[in-house]
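Worksheet for the structure shown next.
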Amino acid sequence: MKRRIILTGAFVGMLAIILGAFGAHLLKKYLSVDQLNTFEVGVRYQMYHALFLLFLSTQKDLAEKTLKTIYNLVVAGVLLFSGSIYLLATKDYTLFESKIIVFATPLGGFLLIIAWALLFFTILKRKS
């Protein structure tokens, strides 16, 4: 499981850098400043959670089930949160209907919050 978490964290981080460069160099010709700022939020949160996954892989005292749950929450959260933000920022150039994906952003954010909370409360309950 730890290998999968490291590989996913590295991939998500690499993809954040690629998308950030794509936004900064290619999309700036097509998107407004507000759309670019929105796109950047997706990149930023994706990178934060890539680093979170790498941190998660270093935790030795977490039960396998807890580790897997946090991992799944983060992956689903990043896909929904950042993915929907990318689509919303580029909606003028994509085929996606913004009314459909607008609900993915808060759902993804909620999953990310749950992942952080699960880590917090798991460590809080642990006896020092």
Side-chain angles (χ1 to χ4, degrees):
M1 186 70 204
K2 291 197 184 232
R3 183 175 190 271
R4 181 188 302 173
I5 294 171
I6 293 169
L7 288 171
T8 304
F11 180 77
V12 169
M14 176 187 69
L15 194 56
I17 293 169
I18 291 168
L19 289 169
F22 178 71
H25 298 291
L26 294 173
L27 290 181
K28 73 178 181 181
K29 297 175 187 174
Y30 303 101
L31 301 182
S32 70
V33 172
D34 284 343
Q35 289 171 314
L36 280 173
N37 287 337
T38 299
F39 193 88
E40 186 180 303
V41 168
V43 171
R44 193 174 332 127
Y45 274 79
Q46 182 173 331
M47 183 56 81
Y48 292 157
H49 289 89
L51 296 173
F52 180 61
L53 287 172
L54 294 175
F55 166 77
L56 188 63
S57 73
T58 67
Q59 300 307 297
K60 295 176 175 38
D61 296 339
L62 291 178
E64 188 77 12
K65 182 179 177 184
T66 302
L67 199 61
K68 196 173 205 176
T69 301
I70 294 171
Y71 169 81
N72 288 329
L73 287 167
V74 169
V75 170
V78 167
L79 285 171
L80 289 171
F81 184 81
S82 291
S84 65
I85 286 181
Y86 299 142
L87 291 172
L88 288 169
T90 60
K91 69 182 176 200
D92 296 341
Y93 302 97
T94 59
L95 300 174
F96 289 98
E97 177 60 45
S98 62
K99 291 178 184 176
I100 295 171
I101 62 168
V102 74
F103 296 107
T105 310
L107 177 59
F110 184 66
L111 294 176
L112 294 172
I113 291 167
I114 293 171
W116 283 93
L118 180 56
L119 177 64
F120 175 80
F121 288 112
T122 299
I123 293 173
L124 184 65
K125 288 187 336 188
R126 191 184 303 159
K127 296 184 183 189
S128 50

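These numbers were taken from a predicted model, which means no experiment stands behind them. Just so you know, these numbers use all the heavy atoms, side chains as well, and skip hydrogens, waters and symmetry mates.
- In this structure, the side chains of D92 and Q35 come closer than 4.5 Å at one or more pairs of heavy atoms.
- Nearest heavy-atom pair across K28 and H25 is CG-O, 4.1 Å.
- Residue Y93 qualifies as enclosed at atom OH: its count of foreign heavy atoms under 6.0 Å is above 12.
- The cluster map of Ile, Leu, Val, Met, Phe, Trp and Tyr, joined by side-chain heavy atoms under 4.5 Å apart, puts I6 and V74 in different clusters.
- Counting only residues at least two apart or on different chains, the side chain to side chain donor-acceptor pair (under 3.5 Å) pairs with a member in residues 45-69 are Q46-Y86, H49-W116.
- Here the CD-CG distance, from E40 to L19, works out to 12.5 Å after rounding to the nearest 0.5 Å.
- For the pair F120 and L124, the minimum side-chain heavy-atom distance is below 4.5 Å.
- Each of I5, L56, I114 was checked for a side chain to side chain contact (heavy atoms under 4.5 Å, CB included) with I70, and the lone residue meeting it is L56.
- At least one side-chain heavy atom of Y71 sits under 4.5 Å from a side-chain heavy atom of V75.
- Taking all atoms of both residues into account, the shortest heavy-atom contact from G42 to S82 is O-OG, 2.8 Å.
- Expressed to the nearest 0.5 Å, how far OH of Y30 lies from CG of L27 amounts to 9.0 Å.
- L118 and L79 fall within the same hydrophobic cluster, where Ile, Leu, Val, Met, Phe, Trp and Tyr residues are linked whenever their side-chain heavy atoms come under 4.5 Å apart, directly or through other members.
- Of all the heavy atoms in I101 and S84, the pair that sits closest is O-CB, 3.8 Å.
- Across all non-hydrogen atoms, the minimal contact from A89 to L31 is O-CD2, 3.6 Å.
- The two atoms that bring G13 and A50 nearest to each other are N-CB, 3.3 Å, heavy atoms only.
- Remark: T90 OG1 to I85 CD1 distance equals 11.5 Å, nearest 0.5 Å.
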Worksheet entry | Chi angles and distances behind the side chain to side chain contact (heavy atoms under 4.5 Å, CB included) call for F55, L119 | CA-CA 11 Å; F55 166 77; L119 177 64; 3.8 Å; yes

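- Hydrophobic cluster membership is shared by I18 and L36, with clusters built from Ile, Leu, Val, Met, Phe, Trp and Tyr side chains linked at under 4.5 angstrom.
- At a threshold of 4.5 Å between side-chain heavy atoms, the hydrophobic network of Ile, Leu, Val, Met, Phe, Trp and Tyr places V43 and L88 in two separate groups.
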Discussion item. Assess the residue pair L73 and L112 against the criterion (side chain to side chain contact (heavy atoms under 4.5 Å, CB included)); give the C-alpha distance rounded to whole Å, side-chain angles, the decisive distance to 0.1 Å, and a yes or no.
Written reply: CA-CA 6 Å; L73 287 167; L112 294 172; over 6 Å; no

Fill in: Test log, rule side chain to side chain contact (heavy atoms under 4.5 Å, CB included), inputs L111 and F81
CA-CA 9 Å; L111 294 176; F81 184 81; over 6 Å; no

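- Atom CZ of R44 has more than 12 neighbouring heavy atoms from other residues, nucleotides or ligands inside a 6.0 Å radius.
- Transitive grouping of hydrophobic side chains (ILVMFWY, heavy atoms separated by less than 4.5 Å) brings L67 and V12 into a common cluster.
- Atom OG1 of T8 and atom CZ of R4 lie 7.0 Å apart (nearest 0.5 Å).
- Put simply, the side chain of L80 does not reach to within 4.5 Å of the side chain of F110, judged on heavy atoms.
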